[in-house]
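This report refers to the structure that appears directly beneath it.
Just so it is clear: chains get the letters A, B, ... in the order the sequence lines come, proteins before strands, and each one is counted from 1.
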Amino acid sequence: MDIPEKYEAEDTELRWRDAWAGQDLYTWDPTRSREETFVIDTPPPTVSGSLHLGHIFSYSHQDFVARYQRMRGKNIFFPIGWDDNGLPTERRVQNLLNVRCEPGVPYDPNLKVERVDGKPKDPPRAISRKNFVELCDIVVKDDEKIFKSLWTRMGMSYDWAQEYATINAHCRRISQLSFLDLLEKNEVYQDERPVLWDVDFKTAVAQAELTDKERPSAYHHLNFRVDGTDTNLVVATTRPELLPACVAVVVHPDDERYRAYVGKRAVTPLFHVPVPIYADTKADPEKGTGVVMVCTFGDQTDVEWWTQFKLPLRQVLDRAGCLRPVTFGQPGWESTKPTDANAIYAQLQGKYSKQAQKTIVEIAEATPGVIAAPKKDIVHAVKFFEKGDRPLELIPARQWYTRLLDKKDALIEQGRKIGWHPDYMRKRYEHWVEGLNQDWCLSRQRYFGVPIPVWYAIDANGETLYDQRIVPTREQLPVDPLADAPAGFREDQRGKPNGFTGDPDVFDTWATSSLTPQIASGWVDDPERHKKLFPMDIRPQAHEIIRTWAFYTIVKAYLHEREIPWKNIILSGWILDPERKKMSKSQGNVVTPEPLITQFGADAVRYWAGRARLGVDTALDEQVFKVGKRLCTKLFNASKFVIERFTGLDPAALTPDQITCESDRAAIAQLRPLIRRAADAFDEFDYAQALQLTEEFFWATFCDNYIELAKPRTYDEGLTEGKLSAAATLRLLHRALVRMFAPFLPFLAEEIWHWAYAADPDMHASVHRSPWPTLDEFAAIPEPKSPRTWPLTLLVAEAVRKAKADANLSIKAPVKRVVVVCNPQDAAALDHAVLDITRMLSINVLDLNETEGTAEPTATVELA
RNA sequence: GGGCAGUUAGCUCAGUUGGUUAGAGCGUCUGGUUUACACCCAGAAGGUCACAGGUUCGAGCCCUGUACUGCCCACCA
């Protein structure tokens, strides 16, 4: 193969990308044993949106490990999936096609919609869930193509035969199988109770999807008359709009101020609703006025008191977060002055809670005797759905749950069986499990997701019987209960008395994502394959989703098989912008990878990723790409030298026994520990350490010193012993280094490999299937007579270089004399390399002045 | 409020179980047409290892405390 004059990353990378596409270098071999196989639980990226530099970063880390393990001879299972199921896709489809999902609408097999550019003229078209899901499928397919092309460009060594998407039939089936299995095991259950609710998406969410946001708020001080007295209890509340939902008042049992009122009733202002006064230690005397109003529902404590005191439900918020119609004076809505209450409520009804709050405060301020004290502004943390824009509410709803609270200890124990890299990430997992306070809410009131595979019977009166569930058989899955009729029923019985109805909900996307190991392995559908792939070797992922993806995956593996899902989990850090801020779309500081790849090359971008250790957040520094590109250029040029210098010399004629020079043996002795240390680092998933060691050796030991030392001999006339020894050594060192760089710089390494080594009988045609260097390859080469030869050579070289630099002379300028003062052992060691040293540094005379004692050797330089 | 990390040269980061004078790259400065490479080579300057105590013959590393930064969790009347 011809070696180009100059290194052109784009040319090299395009060529190999195309060449690899036609080969099956990365194909998993199902016939090989589990022990020989290395299985990666690749994160499926969310396809709606674009990949940013952070993805390139962490996905490169996975590929380093995969490529290393492959070179160690492992049969790599490295699948890639697309996480297309879920809210982000729904939003994209709604905007792109101007449609909205309306579950009651019948399926239209001939539905045609067009993409809209800019703001749509018409209101969104209501379509069936099945149509909506089909449109989502079409849209994500396009994104997946773009993602695939970027991964290919980055040289990711996926086995594309294992490609999947989390919404495809296989994933829906596995996800539904999981649910049915847990239903049989009584690990999932349905319950109607207050649930964390997002009023914009109109769906329940789980504890793991919460995030706190600081919001300005205020304590409003309201007078509650104690029934039958002239005394007022002052309630401090941040949610005055929930006053109509008030069902009780609570004080601390030891609070002297209020002890006398416990057991009496208080009357809410404005609505005149008598409510009981309870004592409970959860009421904090220090907070507000020490008097808490219990509403259905303002916060989690309200739910607890509501349950504890068996309080009535006065639900005022509807699922959109608006105040729904209620009538005081009706059963459950007692009021001593219902007419007044209804007049006030009429002004709130239909408003979002925030507007209702404003209104009720105005009314309270205008009504004498209601406000006890001026409001007090505060800032406090409020719970949000992580993807939501408005605070969560607690709204009673029927939902499916997975039992978690009864197995916290077991889940912590499972976590301890897994290797966490870095290890301290294990603590994050354990703290999360310890802090769990709810079972996992599985159901979402959304559309583009995996349907919950359950139908319910409808009785003769048209009432849905939630405890009379109809579940499909395993063979039927995947099913859509809104489109498919259960066995024994006809479609026209849907929604009719004595008929059936389908569960309208879909699963939390994590319910499916948590099954990536089972999705990839085939699980119960292919037990043989499952056995060969599960538990997996590594799960690579980001640390902020330990509480979701890692946690839920551990939960599923435990509930289904009492197993851990993988032996190790490796956690990449984040890419921060140069100001150390996390990259995010909302911050507007996201860097797209394509221009960087074009400018520096995929190998250089991978190099940048390889410099960051696991778990460490790294500030983006464009200089590092430059360094990566420089490394590629250097590797290209050094390789060109090593190979072209000996054009015409048959590589097969170069054998280990020709390596006779002490300098050469000394250089090889430097490589041995490098190979071991880099492999050790890689075995611990510390690719960054492996890269650093390799790079350091390559640049300093190999290029700056060894090549320069050996170079004069390579110009010998004829095939001298020294020249052959140098040729064999250069080739051997170089062949090892190219392989050690291969996981990081796969394109360039492959290119160089094909210049020189692809035809090697004990290697593979591709560097990526060639063995990682082992000490065995160098076993036939004797150790140098002294381990001091190499360091002493460097000592002389450094002294001479410094002398020349100090004198502003060219490095080629001749040196009259160098006197080395050292002990006899060192003198003997150095003596082996005298010829190479003098030739490299143009030294006329090198005197070795032996002195007894252990004093450090010194070199004195006398310039010409 | 609880927890987990981190704080080392102007910048980005290494620093293995405590062991001479603390490292690299980038940047800066000085020199060098050297037949692989000027996307290069050589050299130099640059650090009270956040701070304060302690253990030790010896601490960047171990212990205690403090400050700051980031993340996770809790609180939400």
After noting the C-alpha distance and the side-chain angles of A:Thr793 and A:Asp836, does the key distance pass the side chain to side chain contact (heavy atoms under 4.5 Å, CB included) rule? CA-CA 9 Å; A:Thr793 302; A:Asp836 279 342; over 6 Å; no
Distance, [atom1] atom - from [M] to [N], rounded to whole angstrom:
N     : M     : atom1 : value
B:U33 : B:A38 : C1'   : 9 Å
B:A24 : B:A44 : P     : 10 Å
B:G65 : B:U55 : C1'   : 15 Å

Counterpart residues, side chain to side chain donor-acceptor pair (under 3.5 Å), relative to [X] (two or more places apart):
X        : answer
A:Tyr757 : A:His734
A:Arg257 : A:Asp255
A:His61  : A:Ser572, A:Tyr687

Treat a base pair as Watson-Crick or G-U wobble with both distances under 3.5 Å, then lay out RNA chain B in dot-bracket form, 5' to 3', with | for cross-strand pairs. (((((((..((((.....[...)))).(((((.......))))).....(((((..]....))))))))))))....
Of the nucleotides [options], which has the atom closest to the [X] side chain?
X        : options             : answer
A:Asp704 : B:C75, B:C41, B:C4  : B:C41
A:Asn637 : B:C75, B:C37, B:G32 : B:C37
A:Arg677 : B:C75, B:U16, B:U35 : B:U16
A:Lys634 : B:A14, B:C37, B:G31 : B:C37
A:Ile811 : B:C13, B:C4, B:U34  : B:U34
A:Asp621 : B:U12, B:C75, B:C26 : B:U12
A:Lys802 : B:A42, B:A44, B:A5  : B:A44
A:His431 : B:C26, B:C37, B:C4  : B:C4
A:Trp699 : B:G25, B:C41, B:C39 : B:C41
A:Gln692 : B:G27, B:C41, B:A14 : B:A14

Using a cut-off of 4.0 Å on non-hydrogen atoms, how would the nucleic acid contact of [X] be classed: base, sugar-phosphate, or nothing?
X        : value
A:Phe636 : nothing
A:Glu695 : nothing
A:Ala619 : sugar-phosphate

Under the side chain to side chain donor-acceptor pair (under 3.5 Å) definition, can you give me all pairs with a residue in residues 292-301 of chain A, not counting sequence neighbours?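 Residue pairs passing side chain to side chain donor-acceptor pair (under 3.5 Å), neighbours aside: none found.
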Contacting residues from residues 597-615 of chain A, given that a heavy atom lies under 4.0 angstrom of RNA chain B: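 Those residues are A:Arg613.
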Whole-Å distance between B:C13 P and A:Asp686 CG?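 Atom CG in A:Asp686 sits about 16 Å away from atom P in B:C13.
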Roughly how many Å is it from CG in A:Leu809 to C1' in B:G31, rounded to a whole number?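 Between C1' of B:G31 and CG of A:Leu809: 10 Å.
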Can you say whether the rings of A:Phe744 and A:Phe682 are parallel (under 30°), tilted (30 to 60°) or perpendicular (over 60°)?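 Rings of A:Phe744 and A:Phe682: parallel, as their planes differ by under 30°.
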Short side-chain N/O contact from [X] to OP1 or OP2 of [N], under 4.0 Å:
X        : N     : value
A:Arg630 : B:A38 : no
A:Arg547 : B:C73 : yes
A:Lys711 : B:U34 : no
A:Gln207 : B:A74 : yes

With sequence neighbours excluded, what pairs up with [X] under the side-chain contact (heavy atoms from CB on, under 4.5 Å) test?
X        : value
A:Lys626 : A:Phe600, A:Gln623, A:Arg630
A:Lys376 : A:Tyr219, A:His221
A:Val251 : A:Tyr258, A:Val262, A:Val291

Not counting sequence neighbours, which residues clear salt bridge (Lys or Arg N to Asp or Glu O under 4.0 Å) with A:Asp686? List them please.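 Salt bridge (Lys or Arg N to Asp or Glu O under 4.0 Å) list for A:Asp686, sorted by chain: A:Arg613.
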Please check if the side chain of A:Lys723 supplies one atom and the backbone of A:Glu717 the other of a donor-acceptor pair under 3.5 Å.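 Such a contact is absent between A:Lys723 side chain and A:Glu717 backbone.
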Any sub-3.5 Å donor-acceptor pair from A:Thr289's side-chain atoms to A:Val234's backbone N or O?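 Yes, because the side chain of A:Thr289 sits within donor-acceptor range (under 3.5 Å) of the backbone of A:Val234.
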Let me check something: any side-chain donor-acceptor pairs from residues 543-551 of chain A under 3.5 Å, sequence neighbours excluded? List them with distances.
from     : atom 1 : to       : atom 2 : distance (Å)
A:His543 : ND1    : A:Arg428 : NH1    : 3.1
A:His543 : NE2    : A:Asp617 : OD1    : 3.3
A:Glu544 : OE1    : A:Trp574 : NE1    : 2.8
A:Arg547 : NE     : A:Ala208 : O      : 3.0
A:Arg547 : NH1    : A:Leu210 : O      : 3.2
A:Arg547 : NH2    : A:Ala208 : O      : 3.2
A:Arg547 : NH2    : A:Leu210 : O      : 2.7
A:Thr548 : OG1    : A:Ile545 : O      : 3.3
A:Trp549 : NE1    : A:Ser513 : O      : 2.8

Can you check nucleotides 67-71 of chain B for protein contacts, nitrogen or oxygen pairs under 3.5 Å, and list what you find?
from  : atom 1 : to       : atom 2 : distance (Å)
B:C71 : O2'    : A:Arg428 : NH1    : 3.4

